[in-house]
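Let me begin by presenting the structure, written as structure tokens, before commenting on it.
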Amino acid sequence: MDRELYGREAVLHDGGLVARLSGLTRHGAARVAYEHGDDPPVTVFTGGRGMGKTALLKEVRNRYKGYTPLALLDCAHIEPPAEHGPGWSEVTGALTELAVQLSPKVLAAKPVQFPRLSLGLVAVASLGWSQEDDERARTDLQQLGPLLATVDATKGAAGNWVSKVLSKLAATFAESAAPLAGLLAEATVETVLEEVFGRFQRSSENWYGTYRNAGGRGKTGLRQLAIDFEQGGRRRGEAEDFLVGALTEDLIHAYTGLRRGTRIGRPILLLDNAHERLGRQLVEPILRARAGGRRDRVVVLAASRVREHEGLRHATRTRLPETAHRAPCPRGTSVGSGILAVELTPLSPAQTRSAFDHHDPAGHTPAELARAVHRLTGGRPLGVALLGRAAGEAPADLRAGLTPGGLLDLTVELREDAPPVPVAPTLLAELLPVRRPGPYAVLAATHDEESARLLAHARLQGESLDGDVALRVRDQLRSEDWPEGPRHFVADPLLRSLLLHRLRFEDDDHPRYAAWRAVHETLHRHYGPAPGPYRLHHDLALGRTEEAVTHLRVTFPEQDVLGWLGRLRFVAAAPYPRERNRPGPDPRRAIALGQEPVGDPAFSGLDADTTELHLSVRRLLHAVWLLTDPLALPDDDVADRLAHELRRLSGRHLTGSGSLWDAATHWPRDIRAWRELSLPPGREDGV
């Protein structure tokens, strides 16, 4: 069953990018004109964690499997066999897996055979065999069975050939005083050719005659291939590159041999996590061969978490929606010009709404919940999908009062055969799969590298014996391609919210929240004793607001009104120390609307005019704090009160009334447009 596309139609619809590259509509329903003729680019989908790269590749697999030869490989997770010899590497293991996936029969076409690749992998498998340990050779040979079965299913799977190879090897050992990898490879290849390959496939060894020092002799090339593989380093790299070429050559032969014309479309290689070293080892030989004029016709679709990867520096770049009808990729002189890098774009608010409607068709959750989740997630598909599912599965008595923060507190059933899992930890583990997320949660409370290093020194000294914890965390976030920003050490709102959720709730220390309090108290002391914006920011995170209100009231008459508004915005960006699953309206709402009775010692000794200013600033601070909180829902009444308070303050200020009046006009617009509060008010880029 097809998944909801949620903005990925440009790739998957019947005239989309995959159809134009493969020549087939989904499910093989019809042919499509090839956009790039016989020279399709390697297409790399780029985007951070949770942007839907893996889901997109899997959906391509689901739609095209059975209609054209297809294989999906995760370049970050190639599992070595339990017992393997020195002839196994990530590349040879990946090539075996790809060939086995590509080989099955598809619609109106016979299975693809891989005789050239089989011979090359048979040759390198002989490394490390000895006369004293024929069990090692037997194990390695049996592991080649699925690959040889692509050449002849009956003979390859039967395994009778293994004993004959071992007998041949025994004779080779007896005849040679100093057995070499090349001699063993040649003996193994000869036996496999005789016992497994039919007469139509035996000529495939000739292809290795083009290998280094082979002089047109196939067996010599295979022998040299094994020697180079054993040597390691650059020579092994050359041998592995040639084996990648063997895979594509077998695919070329399947489409251009005696039965050419019987196959429609093109074979598809799907490579997830292609930014890993293995991804480059598989893709770069194909690119070099294509740059040299070879036309293999294989559609390579890859995914890279790192947008600015070194391998993409010469790629043609475009964004996902722009590929819906045309995706030009002009080939230049560099090898990398054969890459089309397609940046996966976030879901739009409408697509997020569609995802929520799918899980909550009756509309039992608040009308603005989907848009608030879009603000929190930035349209990151993984976050939208999981939070949408959580909204649909929420208990009936909680649905009407759900907020993005409330969704993080829920559990969600991801599989029918497994118990529900907590939303926030599950989403965090997907977006930041590190062994110990605790240090990341602590440092998410900081603002920059300096404060992160200070906090790490105070709270995380036991986390690392070989370097600065804050810098290690920073480098890990950079390697995962998470954005950086000027106001937060962890800049992405969703990731920061998930880490702060962990910091507050995972120690199960309700109502003390010891870890949360210790972190913010440490930062509060660091920025003291003067009531600057950073210190006051952490005051709010600890639930203390009066010092911030007093400071903003005392500094209000100063001439720098824009600076005052900036401090207000920064202080009110503090994470709210909320309670898990707290029913009823947000406590900040009543204060912002002036509905909360005030009996505070801060008012002692203030005249009536100053008291009025103090209360106005108090309402304004709580309004901004609530309305800009990514874990809260918007509130029209509070937005109206925000405008009212700013206009009243505009009338009180002797020199800066214009900026306050503009804020009264533009800040409610920013909030209703789901933008950051603009400064100066009305600035289009919202900063």
Side-chain angles (χ1 to χ4, degrees), residues 48-50 275 305-309 376 378 380 383 408 424-425 427-507 509 513-530 532-542 567 569-577 630-631 687:
R49 288 195 185 273
H275 56 275
R305 191 167 64 246
V306 183
R307 184 179 181 276
E308 300 300 331
H309 194 281
L376 171 64
R380 196 175 292 268
L408 297 182
L427 187 52
L428 178 59
E430 291 287 339
L431 295 177
L432 191 67
V434 294
R435 188 174 61 86
R436 289 179 53 77
Y440 295 81
V442 169
L443 298 180
T446 63
H447 307 280
D448 50 27
E449 190 175 304
E450 178 187 354
S451 58
R453 296 184 71 182
L454 176 136
L455 185 61
H457 181 74
R459 308 290 313 171
L460 300 172
Q461 283 192 351
E463 288 292 332
S464 176
L465 301 176
D466 59 349
D468 190 304
V469 176
L471 296 183
R472 293 170 70 88
V473 167
R474 180 204 66 185
D475 289 349
Q476 179 64 30
L477 293 174
R478 285 178 177 175
S479 72
E480 295 280 326
D481 218 33
W482 286 104
E484 298 183 62
R487 280 174 283 181
H488 301 283
F489 184 69
V490 179
D492 183 82
L494 176 59
L495 182 60
R496 185 171 67 254
S497 295
L498 292 170
L499 289 169
L500 291 174
H501 186 282
R502 187 186 194 282
L503 177 66
R504 183 157 180 83
F505 296 117
E506 191 153 316
D507 64 356
D509 193 27
Y513 303 108
W516 174 276
R517 297 194 66 83
V519 164
H520 287 288
E521 289 284 11
T522 300
L523 291 168
H524 183 267
R525 289 192 298 271
H526 167 63
Y527 289 114
Y534 287 94
R535 176 185 172 92
L536 299 176
H537 177 102
H538 293 286
D539 255 337
L540 262 64
L542 291 163
R567 291 192 296 277
R569 187 180 71 169
F570 178 81
V571 170
Y576 180 59
L631 298 182
V687 296

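Only this structure's heavy atoms are used, side chains among them; waters, hydrogens and symmetry mates stay out.
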My understanding is that only one of Glu463, His457, Arg459 makes a side-chain contact (heavy atoms from CB on, under 4.5 Å) with Gln461; could you say which?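 Running side-chain contact (heavy atoms from CB on, under 4.5 Å) over Glu463, His457, Arg459 with Gln461 returns exactly one hit, His457.
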How about [X] and [Y]: do any of their side-chain heavy atoms sit closer than 4.5 Å?
X: Arg305; Y: Arg49; result: yes
X: Leu432; Y: Trp482; result: yes
X: Leu431; Y: Asp492; result: no
X: Val519; Y: Thr522; result: no
X: His501; Y: Leu631; result: no

When rounded to the nearest 0.5 angstrom, what distance separates [atom1] in [X] from [atom2] in [Y]?
X: His488; Y: Arg496; atom1: NE2; atom2: CZ; answer: 4.0 Å
X: Leu500; Y: Tyr576; atom1: CG; atom2: OH; answer: 15.0 Å
X: His520; Y: Leu523; atom1: NE2; atom2: CG; answer: 7.5 Å

Flag if over 12 foreign heavy atoms under 6.0 Å of CD, Gln476: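 Atom CD in Gln476 is crowded, with more than 12 foreign heavy atoms closer than 6.0 Å.
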Please walk me through it: do Val473 and Phe489 pass side-chain contact (heavy atoms from CB on, under 4.5 Å)? CA-CA 10 Å; Val473 167; Phe489 184 69; 3.9 Å; yes
Would the Phe570 and His447 ring centres measure less than 6.0 Å apart?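 Between His447 and Phe570, which both carry aromatic rings, the centre distance is below 6.0 Å.
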Under 6.0 Å between ring centres, would you say that holds for His526 and His538?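 No, they do not, as the ring centres are separated by 6.0 Å or more.
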